[in-house]
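Below is one structure, written out as structure tokens, with a few remarks after it.
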Amino acid sequence: MYMFKPVPNKVDFIVQEEEVLKFWEDTQAFETLKKLRVEGPTWSFLDGPITANNPMGVHHGWGRTYKDLYQRFKAMQGHRTRYQNGFDCQGLWVEVNVERDMGFKGKHDIEEFGLENFILMCKQRVLKFAARQAEQSIRLGYWMNWDNQETLKLLHDELGKDPMKVLTVEGVDGPVTGTVEHLVGRLGLPELGGSYFTFSEENNYTIWTILKSCHDRGWVYKGRDVIPWCGRCGTGISQHEIVTEGYRELTHPSITLRFPLVDRPGESLLVWTTTPWTLSSNVAAAVGADLTYVKVRQNEEVLYLSRGTLHMLKGDYEVEEEILGMDMEGWTYNGPFDELPAQKDSGVAGNHIVITWDEVGEEDGTGIVHVAPGCGAEDFQLSKEHGLAVIAPLTDNGLFLDGFDWLSGMNVNVVRKPIFDNLKKKGLTYSVKDYTHRYPVCWRCQEELVFRLVDEWFISMGNKLDIPYPEVTENQKKNNLRYQIMEVVINETTWHPSFGKERELDWLRNMDDWMISKKRYWGLALPIWECSECGHFDVIGSKEELQERAVAGWDVFEGHSPHRPFIDAVEIKCSKCDQHMKRVPDVGTPWLDAGIVAMSTMRYNSDREYWKKWFPADLISESFPGQFRNWFYSLLAMSTILERKAPFKEVFTYATLVAEDGRPMHKSWGNMVEFDEAAGKMGVDVMRWLYCDHKPEKDLYFGYHSADDVRRQFLIPLWNVYSFFVTYANMDGWTPKDDMQTALSQLDKWILSRLNEVIQKVTEYLESYEPNLATAVVDSFIDHLSNWYLRRSRRRFWAETGDSDKVDVDKNAAYDTLYKVLVTLSRLLAPFVPFVSEVMHQNLTRSVDSEAPESVHHCDWPTSGPKSVDGKLNSEMELVLRLVSIGHASRNKANVKLRQPLSEIAFAVGLDKEREIVSRYSDVLRNELNVKNVRLLDVVAEVINYELKPLPKQLGQKYGARFPAIRKAILDLDAREASTRLQAGESVQVTVDGDTLEILPEEVEVKVEAKEGFSTAAEGSYVAALTTELTPELEFEGLARDFVRRVQDLRKSSELKIDDAIDIQYSASTRVSEAVESNEKYITDETLATSLKKAKKPVGKFKATYTFGDEKLDLAITPSEK
RNA sequence: GGGCCCGUGGCAUAGACUGGUUAUUGCGCCGCUCUGAUAAGGCGGAUGUCCGGAGUUCAAAUCUCCGCGGGCCCA
């Protein structure tokens, strides 16, 4: 019976991961962890909500890996954490998908369908994808308080049938009963547990608290402004949304047209625009006051445009006069659509005016800008400055309003052509030309945006003071949210990478007032009640306050979540005029929903003690594109409004995940990798390591090639070491003991010292939020472990037990060491690769010690004592590894394969202490390089050339500007003499500018060249000189090794067990036979042969023929009878 | 127009804060080689104006400035 479960070196990691998931579930490993840490110091992680609107992608996997990494790491360090995932539930993105599913074309279809059912479907969609994302996250190994997916599915189904049905579901401390709608609204709250959902009643009502608090300070206001608008979605698109995805490179026909001047018959202004629909609402034309304009005669007419845009004209023309823009101010002209009632009613028809504006330029157009204050933000601003009329042409669906004659009722996106035709008929068109520009589109439905004059609700950010932050006074901050937020950012937050802080501050310095309303359906019901009589508005801070003030409709609303349409029924009495106030129909931006979670999920309103314990969060982490203006901003804003405190201490951010070809992932481009597919093909340990290994601030190129690299360079080497250990430990019946062997070899001590170094560095790098540096440390350690420690220790594990006490002691030391390394690694790697580390823990630790933690994730984080890292030993081994490397290079140059033993290698090294290392490690070097003797190169007798290399780092720092002269003086020395002295550890003198200076051995590198007869390789001052002459004995030994190699090959291909004994028969050329006969003991030892017989025709169970060089070998092996 | 980040072989990257004369690693390519832990590994080779220019310095991929190009964010 084996102590450890046998570990095949080939394993299906994916199947294994699924087994681990099952193990965690069966043993309730996560629940146990929480119980174990219940008394621990708190470490508060606040999850940024994922939009529960689609299955999760591999980019979510990246972020979730970090989140899980840190929670696991902190838990192993003994911390108690909250483990609450968040789902973002409300907002346009959910609406758009439900609309699409239902085949709706716009708001009209929704209203016809009915708000009540539409809202229910939005809720259902969220529940459906929350369950899906939870399932995927669990596959990733992400330990969180996931909701019971069956419960979510049940609520989803019942919500569709009857939201008022009373149900009982399992809660944290027992069953919870309520209507389906009520239960859905209480998801994530203490009695139900699980993820927080931003559509929860708690979340919505806590936002009410905030908005009231803002209102009390006079920060909430209704603003009339021209904002980007999506006619299809029927909503304004805020500054927060329009950037990034919000622009498209589009080509539109642009038009240049005439504005005939009133007092100058036959003369016109020439004006250019890309948005002809806005001409319907033209009020003025703007010129640059200091720009030069020209009066141009062309054919029978006179045109005005700026001098720098004359190239706009087609055909011949004659410049008659030049004037400044300021001289045109006040001219009047006839607008292109003066016949429309809207133009007439506003009084501008026949009386359009020329104004000056310093933003007018000559890059595009004619230097004369058409101004339509109802159709553009800057135009609207100008109207306020110049007292211009404002004509707003569009409905919220993007249709022309009444008053626009034939245009009325037409969609703004289809009027371009008819307007062109109309203008042409009127003789106003000068030219039409395609024009390509970046044009804003709706980030959800891709419809081209227009600009529309609307009333929206804002939170005032406070004035932008044109002074640096440190000069802002306390008094100025007092009623200024902008500077209050900046204050908490500067004083209380740390950003990784550090430039994040500057970006956030930049956003805060520049952002305009926060537009919080949306003219939509599914979202936070803005708690603003407005009086239709006197226009007064009030902000309600809680459900209780609303009930108290309700004068109508409470009965309709009661029992429902605070969403449309039910909340709209509630009316309150106007505190100014006693009339009834109705809620404004707008819903809130989803960033309010996400921003409140530092309060709502930490029970700010319901359990202040709990909140104090967990607020502020120790860490938040999200991908940075977008979040500076979105989640980071809204979290900061809300926490500042309520408490004037930062909601988090550390922010860990990372860049964007793209496909392996460096482009964004797109299904149609064929470079998309779905999460489920990736998990099934590469496995999530590999995926997680790939993520952790990446420098967070760089875009990550994700794909199967890089995943393969991870598997080859990290996972398989790790697994092979583990597999090797278990295989041999089982063969030897080795069991772990409490005490480590005292007789550790140099290699053992070294790998343990390295291990401790790794523990320290991984801990440090995780704590400084540089996980990629932590993984790099591990990568290099695993390389050392696999390719050096184990390769050089293999024979120690092979050694026959009982041969001698010395062998047994050494062997035990090797087992002790490797066991310790692997057990420690399983813990150190647990937060990164939770699956493979669990497998190792179960087999290495749990199987031999039933008292050990049931899961690796219950273990304590490894620590290392201050003296556990032997820096001297580590650097010694580093030198040995370098010598090995150039030793291999010297063999390679001589073209002698490693299997062929050679008589001798001699090394030249720089310093005294290094020479000593060569002799101390000569055994290792000898074995690795397959030579009979390792020695130092005789620097007097065997060196033909010396070169001195003054080391700039040492000498430069010491002598500064004198370095070049000193360098020259050193190079002028007699190299042989100086080298001999330096290598003997003595200093040499040089004279520079009359000063005699002592040059120390460590300040000069001595490069030597070995004389003829060696095969040499060098790196820096290190030289390997190999003696390549072969004696017959050496040749025979080489052949014997060739022979062994073939036997092993045959053993392996015959699928014999490692410890199966065999009988060998062979036939071979004379030379090989002689070699075999003279190395019989070596061969039988290596191949576990009980007999080794030469035969004319070898007979055995397994046979093979080999040729190597000029030699031929027939082999037959048979497993020996036991 | 403003802020932040970045520019290193064919591709992808480390190094930059703290300057040091042979620029790291991986993928890919070529040759050799090792292996009863290894789906691997090792050694060597080809592939570099470290975006360009100027400056600081004994010394610049690294620091400063200017330019060019890209990304993110804002206007």
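To find a chain, count down the sequence lines: A is the first, B the second, and so on, and within it residues start at 1.
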Centre-to-centre under 6.0 Å for Y819(A) and F725(A), is that the case here? yes
Whichever of R899(A) and E1005(A) has the more 5' nearest nucleotide on RNA chain B, that residue is E1005(A)
May I ask you to evaluate whether K10(A) reaches the phosphate of U38(B), defined as a side-chain N or O under 4.0 Å from OP1 or OP2? no
So W798(A), base contact, sugar-phosphate only, or nothing? Heavy-atom distance under 4.0 Å. sugar-phosphate
For V7(A), which contact category applies under a 4.0 Å heavy-atom criterion: base, sugar-phosphate, or nothing? nothing
Gap in Å between the two C1' atoms, one belonging to C68(B) and one to C51(B), rounded: 7 Å
Any Y728(A) side-chain nitrogen or oxygen under 4.0 Å from OP1 or OP2 of A37(B): yes
Starting at OG of S621(A), measure out to CD of Q627(A) and round the result to the nearest 0.5 Å. 10.5 Å
If you compare every side-chain N and O of R503(A) against the phosphate oxygens of G71(B) (OP1, OP2), does one of them come in below 4.0 Å? no
Using ring centroids (six-membered ring only for Trp), state whether W495(A) and F632(A) fall under 6.0 Å. yes
How is F624(A) classified with respect to the nucleic acid when contacts are heavy atoms under 4.0 Å: base, sugar-phosphate, or nothing? nothing
Side-chain N or O of K1007(A) versus OP1/OP2 of U22(B): is the shortest distance under 4.0 Å? no
Can you check whether R712(A) has a side-chain N or O nearer than 4.0 Å to OP1 or OP2 of A40(B)? yes
Look at the side-chain N and O atoms of R1045(A) and state whether any lies under 4.0 Å from the OP1 or OP2 oxygen of U35(B). yes
Separation between the C1' atoms of U22(B) and A12(B), rounded to whole Å: 23 Å
Provide the distance between the two C1' atoms, one in A61(B) and one in G52(B), to the nearest whole Å. 14 Å
Under 4.0 angstrom, heavy atoms only, what part of the nucleic acid is R891(A) near: base, sugar-phosphate, or nothing? nothing
Is the phosphate of U38(B), meaning OP1 or OP2, less than 4.0 Å from a side-chain N or O of K1052(A)? yes
Euclidean distance for P, G7(B) against A16(B) (whole angstrom): 12 Å
According to a strict under-4.0 Å criterion, is W507(A) in side-chain N/O contact with OP1 or OP2 of C4(B)? no
Check: K897(A) side chain, U35(B) base, donor-acceptor under 3.5 Å: no
Using the C1' atom on both, measure C50(B) against A60(B) and round to a whole Å. 11 Å
Give one of base, sugar-phosphate or nothing for Q954(A), where a contact means two heavy atoms less than 4.0 Å apart. nothing
Taking OP1 and OP2 of A14(B), is either one under 4.0 Å from a side-chain nitrogen or oxygen of K698(A)? yes
Can you check the distance between G42(B) and U25(B), where both ends of the measurement are the P atom (answer in whole Å)? 11 Å
Between E1019(A) and K1007(A), is there a salt bridge with N-O shorter than 4.0 Å? no
N or O in side chain of R791(A) less than 4.0 angstrom from U35(B) OP1/OP2: no
Intermediate values then yes/no, ring pair (Phe, Tyr, Trp, His ring centres under 6.0 Å), Y815(A) and Y728(A): CA-CA 9 Å; Y815(A) 275 121; Y728(A) 282 87; 7.9 Å; no
Between the base of A37(B) and the side chain of S786(A), is one N or O donor paired with an acceptor at under 3.5 angstrom? yes
In this structure, how many angstroms lie between the C1' atom of C34(B) and the CG atom of D1042(A), rounded? 12 Å
Nearest-Å distance once atom P is located in both C66(B) and G28(B): 43 Å
